[in-house]
Student: 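Handing you this structure, nothing more for now.
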Amino acid sequence: MRMGVQSLAVACGALALCLALTTATNPGFVVRITQAGLDYAHQQGRAILEKELAQLHLPDISGDSRVLRVGKVRYELSRLRLRDFHLPYSRITPISNVGLQVSISNAFAELDGDWRVKFLFVRDHGSFNLKVENVYIKITLSLGSDTTGKPTVSTSACSASISEVRVLFSGKLGWLYNLFHKVIESKLRKSLESKVCDKVAKSVHNDLQTYLQTLPVTAKIDGKTGIDYSLVASPRATAQSLDADLKGEFYSLAHRSTVPFPPLPLAFPSDHDRMVYFGASSYFFNTAGIAYHEAGALVFEITEAMIPKEVGFKLDTSVFSAFIPQLEERYPNMPMKFMLSTPTAPFLTIGPEGISFQPVVDAQAYVILPDSSLAPLFVLSLTGNVSAVINVRSGRIVGSLDVGRIRLSLKDSAVGTFQVRMMQSLMNVLTSNTLLPRLNARLDEGFPLPLLDRIQLSNILVKFYQNFLLLGADVHFQPRG
């Protein structure tokens, strides 16, 4: 009995471990292509497929046929040339747990070629015209990801059927071909049906798969950080959309470390007014703070040269001695500078009201001695409410920050204790006129969205939800000139 309980416990433990290992990783960033987006992509793809099908090369056809009152006839059809191939009606549909299905109906094509005939002692040749109508093609596309996290697509199924084939032969003995045209039409139909699916598979591999490879898995932002947009799972089709779960993680180029917290699940809304939606989680933005903090990019220097003239004060001990009398005694009328840094990475929250966070900044004050060396004066801890405005421009997430009233506390001092409350307004002016413009200038440069090559976004929508930001847009594909 005891052994049975132990075995059951081991089995339960093994099952729990397997479940933990197979649990899907939550994405930090989600891309959703709606039916409208799929329809637009399908229009672009249909135009490419039409051109590809119009370049079909059909093999020569030859054989023997018995014709009433004529006997055995040897025929040959060669130099089969497609004039055009039209796909007037088609639709793309996401199929859950399968992928995408493309259905083409009432397609038609026209081709011509040369014929040769031999029976008894008679030989002749001429040309013919073939009209193909009511072509139906059904294509199933399977979606996946490769070892680098880029999306993949392949043709998992294809069927083509042609309802009507009409051949018109010209030449002296064209009438003879017309006596056994059904045999010719049957062979041409089978040849064309098989070649259509071959061409579809090649087009998917050479055109669509190659294009999907233009999705940037990693995007270098600047000399310090990058973004990881690799897929954490294969793209999945639902009844109304195609969803792609991306890692959505900033990282330091110098040293990539493990993020100390996991991404939270995203309760993606059922919006479908735009062609594409991007869900940027709080995890996505917070890894940016970690990456920049680790890269040493959240360190800022404030000198007198950076203060706009209209602010109307100098950054020297004569100004601060009004709050710290000891400065006048030890360092009279000497220039100062501040070094601002974050002791920890900033952490923001996203809710229906927007993005907000309360960063903590250490402001180390120095006096600049006559030999240009620095003497530490004091360290202030600065905190305040910060809100963000987010938008999309030129395929990049851009933003700006707005800082409320800054609160000060004295963290360390080499010039004795003093009341920091009197310094409140001065530090507000100093940070809002030097630090904030620099941060907003960087945010205005933006961070790239995961976009395929030659994709432009318009009709931008920005909404805030719990733990993530939703960006919606319509898409325009810019062909190569």
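We count residues from 1, following the sequence as given. Atom set for the values below is all heavy atoms of this structure, side chains included, hydrogens, waters and symmetry mates excluded. This one's a predicted model, so the numbers in the text were calculated from it and none came from an experiment.
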Student: Please answer whether the main-chain N or O of Asp444 pairs with a side-chain N or O of Arg393 as donor and acceptor at a distance below 3.5 Å.
Tutor: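 Yes: the side chain of Arg393 pairs with the backbone of Asp444.
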
Student: Give the intermediate values and the outcome of ring pair (Phe, Tyr, Trp, His ring centres under 6.0 Å) for residues Phe357 and Phe285.
Tutor: CA-CA 11 Å; Phe357 59 109; Phe285 291 106; over 10 Å; no

Student: How many angstroms lie between CD in Glu301 and OH in Tyr366, if you round to the nearest 0.5 Å?
Tutor: 10.0 Å

Student: Less than 3.5 Å apart, any donor N or O on the side chain of Ser458 or His476 sitting next to an acceptor on the other?
Tutor: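 The criterion, which ignores hydrogens and geometry beyond distance, is not satisfied for His476 and Ser458.
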
Student: Carefully, step by step, assess Gln209 and Thr152 under the rule side chain to side chain contact (heavy atoms under 4.5 Å, CB included).
Tutor: CA-CA 6 Å; Gln209 172 61 22; Thr152 61; 3.8 Å; yes

Student: Do the side chains of Lys463 and Asp271 get nearer than 4.5 Å, heavy atoms only?
Tutor: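 With C-beta onward as the side chain, the pair touches.
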
Student: Would you confirm whether Arg46, through its side chain, and Ile104, through its main-chain N or O, come within 3.5 Å as a donor-acceptor pair?
Tutor: no

Student: Taking the side chain as C-beta and beyond, is there a heavy-atom pair between Ile33 and Tyr40 under 4.5 Å?
Tutor: no

Student: One pair to check against side chain to side chain contact (heavy atoms under 4.5 Å, CB included): Met306 and Lys337. What are the steps and the verdict?
Tutor: CA-CA 10 Å; Met306 299 175 182; Lys337 69 181 295 184; over 6 Å; no

Student: Taking only residues at least two apart or on different chains, which pairs with a member in residues 420-442 satisfy salt bridge (charged side-chain N to carboxylate O under 4.0 Å, His left out)?
Tutor: Asp222-Arg442, Arg442-Glu445

Student: To check you understand the geometry: which heavy-atom pair defines the closest contact between His293 and Thr342, and what is its length?
Tutor: NE2-O, 2.9 Å

Student: Which pair of heavy atoms, one from Lys150 and one from Leu215, lies closest together, and at what distance?
Tutor: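 Reported closest heavy-atom pair: CE-O, 3.3 Å.
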
Student: Give the C-alpha distance, both sets of side-chain angles, the deciding distance and a yes or no for side chain to side chain contact (heavy atoms under 4.5 Å, CB included) between Asn26 and Leu266.
Tutor: CA-CA 8 Å; Asn26 288 326; Leu266 301 185; over 6 Å; no

Student: Checking the side chain of Thr34 only, and the main-chain atoms of Arg274 only, is there a donor and an acceptor separated by less than 3.5 Å?
Tutor: yes

Student: With no hydrogens and no angle check, is any side-chain donor or acceptor of Ser156 less than 3.5 Å from a backbone partner on Thr140?
Tutor: yes

Student: Is there a side-chain contact between Phe261 and Ile290 (heavy atoms, below 4.5 Å)?
Tutor: yes

Student: I want to check something: taking the side chain as every heavy atom from C-beta on, are Ile137 and Val196 in contact at a cut-off of under 4.5 Å?
Tutor: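 A side-chain contact exists here, since the closest heavy-atom pair is under 4.5 Å.
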
Student: May I ask you to check whether Tyr251 and Glu294 show a side-chain donor-acceptor distance below 3.5 Å?
Tutor: no

Student: Is there a side-chain contact between Val475 and Leu457 in this structure, where contact means two heavy atoms from C-beta onward sitting under 4.5 Å apart?
Tutor: yes

Student: Can you tell me if CZ on Phe323 sees more than 12 non-hydrogen neighbours from other groups inside 6.0 Å?
Tutor: yes

Student: Taking all atoms of both residues into account, what is the closest heavy-atom pair of Ser413 and Phe418, and its distance?
Tutor: OG-CE2, 3.8 Å

Student: For Leu377 versus Gln364, what's the shortest heavy-atom pair and its separation?
Tutor: N-NE2, 3.9 Å

Student: Just how far is it from atom CG of Leu435 to atom CD1 of Ile302, taken to the nearest 0.5 Å?
Tutor: 6.0 Å

Student: Could you check whether any side-chain N or O of Asn467 sits under 3.5 Å from a backbone N or O of Ser281, counting only pairs where one atom can act as donor and the other as acceptor?
Tutor: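 A pair under 3.5 Å: no.
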
Student: Around atom CD of Gln240, are there more than 12 heavy atoms of other residues, nucleotides or ligands at under 6.0 Å?
Tutor: no

Student: Take the angle between the ring planes of Phe468 and Tyr465 and call it parallel below 30°, perpendicular above 60°, tilted in between.
Tutor: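 Phe468 and Tyr465: parallel rings.
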
Student: Between Asp243 (side chain only) and Arg32 (backbone N and O only), is there a donor and an acceptor less than 3.5 Å apart?
Tutor: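 No; zero donor-acceptor contacts below 3.5 Å.
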
Student: Does Asp453 offer a backbone N or O that forms a donor-acceptor pair with the side chain of Thr214 under 3.5 Å?
Tutor: yes

Student: Would you say that Leu253 contacts Lys224 through its side chain, given a criterion of any heavy-atom pair below 4.5 Å between the two side chains?
Tutor: no

Student: Assess whether atom NE2 of His86 is packed by more than 12 heavy atoms of other residues, nucleotides or ligands within 6.0 Å.
Tutor: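 For His86, atom NE2 is crowded (more than 12 foreign heavy atoms under 6.0 Å).
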
Student: Which pair of heavy atoms, one from Leu246 and one from Leu231, lies closest together, and at what distance?
Tutor: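 Here Leu246 and Leu231 meet closest at CD2-CD2, 3.4 Å.
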
Student: State whether a side-chain donor-acceptor pair under 3.5 Å links Gln35 with Asp39.
Tutor: yes

Student: Set out, in order, the CA-CA distance, both residues' side-chain angles and the distance that settles side chain to side chain contact (heavy atoms under 4.5 Å, CB included) for Phe320 and Met423, then state yes or no.
Tutor: CA-CA 8 Å; Phe320 283 85; Met423 214 180 290; 3.7 Å; yes

Student: Using a 3.5 Å distance criterion without hydrogens, assess whether the side chain of Glu328 forms a donor-acceptor pair with backbone atoms of Ser321.
Tutor: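 It does not hold such a pair.
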
Student: With under 30° as parallel and over 60° as perpendicular, where do the rings of Phe284 and Tyr229 fit, or are they tilted in between?
Tutor: parallel

Student: With side chains defined as the heavy atoms from C-beta onward, is the minimum distance between Asn433 and Glu310 less than 4.5 Å?
Tutor: no

Student: Within a strict 4.5 Å, meaning less than it, do heavy atoms of the Phe300 and Thr434 side chains meet?
Tutor: no

Student: What closest approach, in Å, do Phe464 and Gly351 show between heavy atoms, and which atom pair accounts for it?
Tutor: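 Taking Phe464 first and Gly351 second, the nearest heavy atoms are CB-O, 3.1 Å.
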
Student: Step through the shown structure and confirm whether more than 12 heavy atoms of other residues, nucleotides or ligands are within 6.0 Å of NE2 on His42.
Tutor: yes

Student: Could you list the residues that satisfy ring pair (Phe, Tyr, Trp, His ring centres under 6.0 Å) with Phe447, not counting sequence neighbours?
Tutor: Phe250

Student: Side chains of Asp207 and Ser203: do they bring a donor and an acceptor to under 3.5 Å?
Tutor: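 Yes, Ser203 and Asp207 have a side-chain donor paired with an acceptor closer than 3.5 Å.
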
Student: Answer yes or no: is there an ion pair linking Asp245 with Arg236, defined by an N-O contact shorter than 4.0 Å?
Tutor: yes

